[in-house]
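What's counted below: heavy atoms across the whole structure, side chains too, no hydrogens, waters or symmetry copies.
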Amino acid sequence: MDVGDASAVTGTVLVVDDQDFVRDVIRLSLEGAGYTVREAASPLDAIAQVRDDADIDLLVTDVVMPEMDAFELAERLSREVPGLRVLYTSGYTDAGAEGPFIQKPFTPAELVDKVAAVLAG
């Protein structure tokens with residue numbers, strides 16, 4: 001997807017990563033493509049946010065985090081948001097067997113394309 005074609009993009013993405021820089025890069029990339037982005041620095045923060053406002057279409061989450069891994073987080077959030085789509089990210093492990101996955105480091109264009117594909121899928 002061309003980042004300039006933001007008019008065709010809709011959706012709210014919750015980004016969960018314990019590294020501020022990574023969250024910033026993901027947020028800026030997705031906002032630049034037209035997505036609404038919410039951020040959480042931890043799985044427990046993400047759960048609290050979703051309980052307050054469950055209006056999310058996609059969870060983009062790092063696999064390895066404190067408190068719980070991405071798979072437990074996705075399972076818990078899916079109870080709050082039935083049909084929630086998930087995109088896993090990691091620089092350490094390949095989580096492709098668990099669902100849609102993008103390996104760090106990735107370019108903003110690669111991320112935007114992957115998010116669009118997961119939301120369309």
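Considering CD of Gln49 and CG of Asp55, their distance stands at 12.0 Å, rounded to 0.5 Å. Here CD of Glu110 is found 3.5 Å from OG1 of Thr107. Values are rounded to the nearest 0.5 Å. To the nearest 0.5 Å, atom OG of residue Ser42 and atom CG of residue Asp17 are 11.0 Å apart.
Val50 and Val37 are assigned to two separate hydrophobic clusters, defined by single-linkage of ILVMFWY side chains at heavy-atom distances under 4.5 Å. By the criterion of side-chain heavy atoms lying less than 4.5 angstrom apart, applied directly or through intervening Ile, Leu, Val, Met, Phe, Trp or Tyr residues, Phe101 is grouped together with Leu59 in one hydrophobic cluster. Transitive grouping of hydrophobic side chains (ILVMFWY, heavy atoms separated by less than 4.5 Å) keeps Leu111 and Leu14 in distinct clusters. Residues Val81 and Val15 do not share a hydrophobic cluster, defined by chaining ILVMFWY side chains whose heavy atoms lie under 4.5 Å apart. When the side chains of ILVMFWY residues are joined at heavy-atom separations under 4.5 Å, either directly or via intervening members, Val16 and Leu77 end up in a single hydrophobic cluster.
Counting heavy atoms from C-beta outward, Tyr35 and Thr10 have side chains that stay 4.5 Å or more apart. Side-chain atoms of Val13 and Thr36, non-hydrogen and from C-beta on, never get closer than 4.5 Å to each other.
The backbone N or O of Thr12 sits less than 3.5 Å from a side-chain atom of Asp57, completing a donor-acceptor pair. For Glu98 (side chain) and Ala95 (main-chain N/O), no donor-acceptor pair under 3.5 Å exists by modelled atom type.
Residues Pro66 and Asp18 share a closest heavy-atom pair of CD-OD2, 3.4 Å. The heavy-atom pair separating Thr61 from Ala70 by the smallest distance is CG2-CB, 3.6 Å. Scanning all heavy atoms of the two residues, the minimum distance from Gln103 to Ser90 falls at NE2-O, 3.0 Å. Contact record, Ala74 with Val86: CB-CG2, 3.9 Å, taken as the closest heavy-atom pair. Of all the heavy atoms in Leu44 and Glu67, the pair that sits closest is N-OE1, 2.9 Å. Considering every non-hydrogen atom in both Ile47 and Met68, the closest pair reads CD1-CE, 3.8 Å.
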Check the pair Leu119 / Arg85 against side chain to side chain contact (heavy atoms under 4.5 Å, CB included), numbers first and verdict last. CA-CA 7 Å; Leu119 285 170; Arg85 297 184 187 276; 4.3 Å; yes
Take Phe106 and Thr89 through the side chain to side chain contact (heavy atoms under 4.5 Å, CB included) test and state the conclusion after the steps. CA-CA 9 Å; Phe106 44 77; Thr89 70; 4.2 Å; yes
Given Asp69 and Val64, is the side chain to side chain contact (heavy atoms under 4.5 Å, CB included) satisfied, shown in steps? CA-CA 5 Å; Asp69 66 27; Val64 179; over 6 Å; no
The test is side chain to side chain contact (heavy atoms under 4.5 Å, CB included); show your working for Leu84 and Arg79 and say whether it passes. CA-CA 9 Å; Leu84 177 65; Arg79 289 185 219 138; over 6 Å; no
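A salt bridge links Arg38 to Asp53: one of the charged nitrogens lies within less than 4.0 Å of a carboxylate oxygen. Arg76 has a carboxylate O that lies under 4.0 Å from a charged side-chain N of Glu72, or vice versa, which qualifies the two as a salt bridge.
Residues forming a salt bridge (Lys or Arg N to Asp or Glu O under 4.0 Å) with Asp20 (at least two apart in sequence, or on another chain): Arg23. Asp24 pairs by the side chain to side chain contact (heavy atoms under 4.5 Å, CB included) definition with Arg27, Glu39, not counting sequence neighbours.
Among residues at least two apart or in separate chains, ring-ring contact (aromatic ring centres under 6.0 Å, His included) pairs with a member in residues 41-99 are Phe71-Tyr88.
Checking each of Leu87, Val118, Val60 against Ile102 for a side-chain contact (heavy atoms from CB on, under 4.5 Å) leaves exactly one that passes, namely Leu87.
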